[in-house]
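A short worksheet on the structure shown next.
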Amino acid sequence: MHGSPKGLLFAIYYPILAAIGVPANLTVIVILSRGRCGLSRCTTYYLVSMAVTDLLVIIIAVILNRIAGIYFPLSFLSITPVCSVRSVLNYTAVSCSVWLTAAFSFDRFMAICCQKLKLKYCTEKTAAVIVATVCTLSCLKNVFMYFIYEPNYIVNNIPWFCSIKLIYYTSSGWAAYDWIFIILTPCLPFILILLLNALTIRHILSASRVRRRLLAHSNRDKQSDPEMEKRRKSIVLLFAISGSFILLYLLFFIRVLYVRIEGISYFSGSNFNESNFILEESGIMLQLLGSCINPFIYAGTQSKFREELKNGVKYPTNRIVKLFK
């Protein structure tokens, strides 16, 4: 596989993704946890939770699945029970990451568009309950994936690799589970994020027009508006996170719909040709890229985050200089 252009691309792409994603998400967790970025505690709770799940996606999906599969194809990670557990953890981490993005979008929708419910809903306690619920339901939904695999072959009574059982495609029970699985991740959160952002944009445009008229009548149209500036920063952060999610998950979403409409079976290679493989892998590559994008969004949109990052970089340098002095 390493000799082919696709194999070489994967062998380079995923280590680079891991090398960037792990330190970037760890940095976000440390900086945001200090609570010095000027964000509300509710927003900070969501962003830290999203960074944790993105870090888990990098560790599980990229390092333990992709990189290990490329560089260590015959390690203990390829034993069927371990392979099945890796698959469950992979789907769980991705599901948590996706649904926390949807939960954050809903929280910002409530904060921007529903002022009467904002004080009751947009709290750290509510955020903690939602994050715990999302993670628990994601675990429950994906734990059944452990039972869909069987070994590719058995050597010295040791089962190796994971192959999806034929019954997964012929059983009505598994067929129902498969549809629920696909609807819950990624279809429903993808549609929810699109809808919430559309409603938020409509509300913002309407509120901005009203506010400009009020300011014009009070002859303050040339003065700065602190409320609009504060709202603008919140909106930029929301749209940057949800917008990047939509763009990076779009191909993956299209691939899921294509597979369902065309009735392609991954069990049989007869109708899974080169173009299908490229669509599949490209969608996964972009999907996993989304797990290391948010740190750069925070750095690009939040001035206080950049300041904390600079202080963090300067601190060890200053300590070393003082030590030598």
Go through the steps for Val88 and Tyr149 under the test side chain to side chain contact (heavy atoms under 4.5 Å, CB included), then give the verdict.
CA-CA 11 Å; Val88 171; Tyr149 297 106; over 6 Å; no
Return the CD1 to CH2 distance between Ile193 and Trp99, rounded to the nearest 0.5 Å.
8.5 Å
Between Arg86 (side chain only) and Leu77 (backbone N and O only), is there a donor and an acceptor less than 3.5 Å apart?
yes
Kindly indicate, with the supporting measurements, whether the criterion side chain to side chain contact (heavy atoms under 4.5 Å, CB included) is fulfilled by Leu286 and Tyr249.
CA-CA 7 Å; Leu286 290 176; Tyr249 267 77; over 6 Å; no
Measure from the side-chain N and O atoms of Asn25 to the backbone N and O of Gly21, and report whether any donor-acceptor pair falls under 3.5 Å.
yes
Indicate, with yes or no, if Ile148 and Trp179 share a hydrophobic cluster defined by side-chain heavy-atom contacts under 4.5 Å among Ile, Leu, Val, Met, Phe, Trp and Tyr.
no
Apply side chain to side chain contact (heavy atoms under 4.5 Å, CB included) to residues Asn294 and Val28 and explain how you reach the verdict.
CA-CA 9 Å; Asn294 284 350; Val28 167; over 6 Å; no
Rounded to the nearest 0.5 Å, what's the gap from CG on Leu192 to OG on Ser105? Could you check?
9.0 Å
Under 6.0 Å from the CG atom of Leu137, do we count more than 12 heavy atoms belonging to anything else shown?
yes
Answer yes or no: is there a donor N or O on one side and an acceptor on the other, between the side chain of Ser87 and the main chain of Cys83, under 3.5 Å?
no
Does the pair Tyr168 and Asp178 meet the rule for a side-chain hydrogen bond (donor to acceptor under 3.5 Å, both in side chains), with working shown?
CA-CA 8 Å; Tyr168 186 75; Asp178 186 53; 2.7 Å; yes
Could you check Phe245 against Ile293 for side chain to side chain contact (heavy atoms under 4.5 Å, CB included), going step by step and ending with a plain yes or no?
CA-CA 9 Å; Phe245 172 85; Ile293 288 293; over 6 Å; no
Nearest 0.5 Å, what's the OG-OH distance between Ser163 and Tyr153?
12.0 Å
Can you tell me how the ring of Tyr91 sits relative to the ring of Phe181, calling it parallel under 30°, perpendicular over 60° and tilted otherwise?
perpendicular
Ser40-Thr43 side chain donor-acceptor pair, cut-off 3.5 Å
yes
Which distance, rounded to the nearest 0.5 Å, do you find between the CG of Leu238 and the CD1 of Ile112?
5.5 Å
When Ile60, Asn90, Ile284, Leu17 are each screened for side-chain contact (heavy atoms from CB on, under 4.5 Å) with Arg66, the one that passes is Ile284
Donor-acceptor pair, side chain of Ser33 and main chain of Val30, under 3.5 angstrom:
no
In Å and rounded to the nearest 0.5 Å, what is the OG to CG distance from Ser291 to Leu55?
9.5 Å
Flag, side chain of Tyr13 to backbone of Met285, donor-acceptor distance under 3.5 Å
yes
Using atom types as modelled and distance alone, determine if a side-chain donor or acceptor of Thr126 lies under 3.5 Å from a backbone N or O of Cys122.
no
Strictly distance-based, threshold 3.5 Å: is any side-chain N or O of Thr53 a donor or acceptor partner for the main-chain N or O of Met50?
yes
Are Ile59 and Phe72 linked, directly or through other ILVMFWY residues, by side chains that come within less than 4.5 angstrom of each other?
yes
Should the pair Phe10 and Tyr14 be assigned to parallel (<30°), tilted (30 to 60°) or perpendicular (>60°) ring geometry?
tilted
Main-chain N/O of Arg202 paired with Ser206 side-chain donor or acceptor, under 3.5 Å:
no
Quick one: CD1 on Ile201 to SG on Cys113, what's the gap to the nearest 0.5 Å?
10.0 Å
Kindly assign one of parallel, tilted or perpendicular to the pair Tyr177 and Trp174, based on the angle between their ring planes and the thresholds 30° and 60°.
perpendicular
Just by distance, do the side chain of Ser97 and the backbone of Asp54 share a donor-acceptor pair under 3.5 Å?
no
Decide salt bridge (charged side-chain N to carboxylate O under 4.0 Å, His left out) for Glu150 and Lys165; before the verdict, give the C-alpha distance in whole Å, the side-chain angles of both, and the deciding distance to 0.1 Å.
CA-CA 6 Å; Glu150 62 183 1; Lys165 297 176 181 177; over 6 Å; no
For the hydrophobic clusters of this structure (ILVMFWY residues joined by side-chain heavy atoms under 4.5 Å, transitively), does one cluster hold both Val22 and Val313?
no
Are any side-chain N or O atoms of Arg255 and backbone N or O atoms of Gly283, one a donor and one an acceptor, separated by less than 3.5 Å?
no
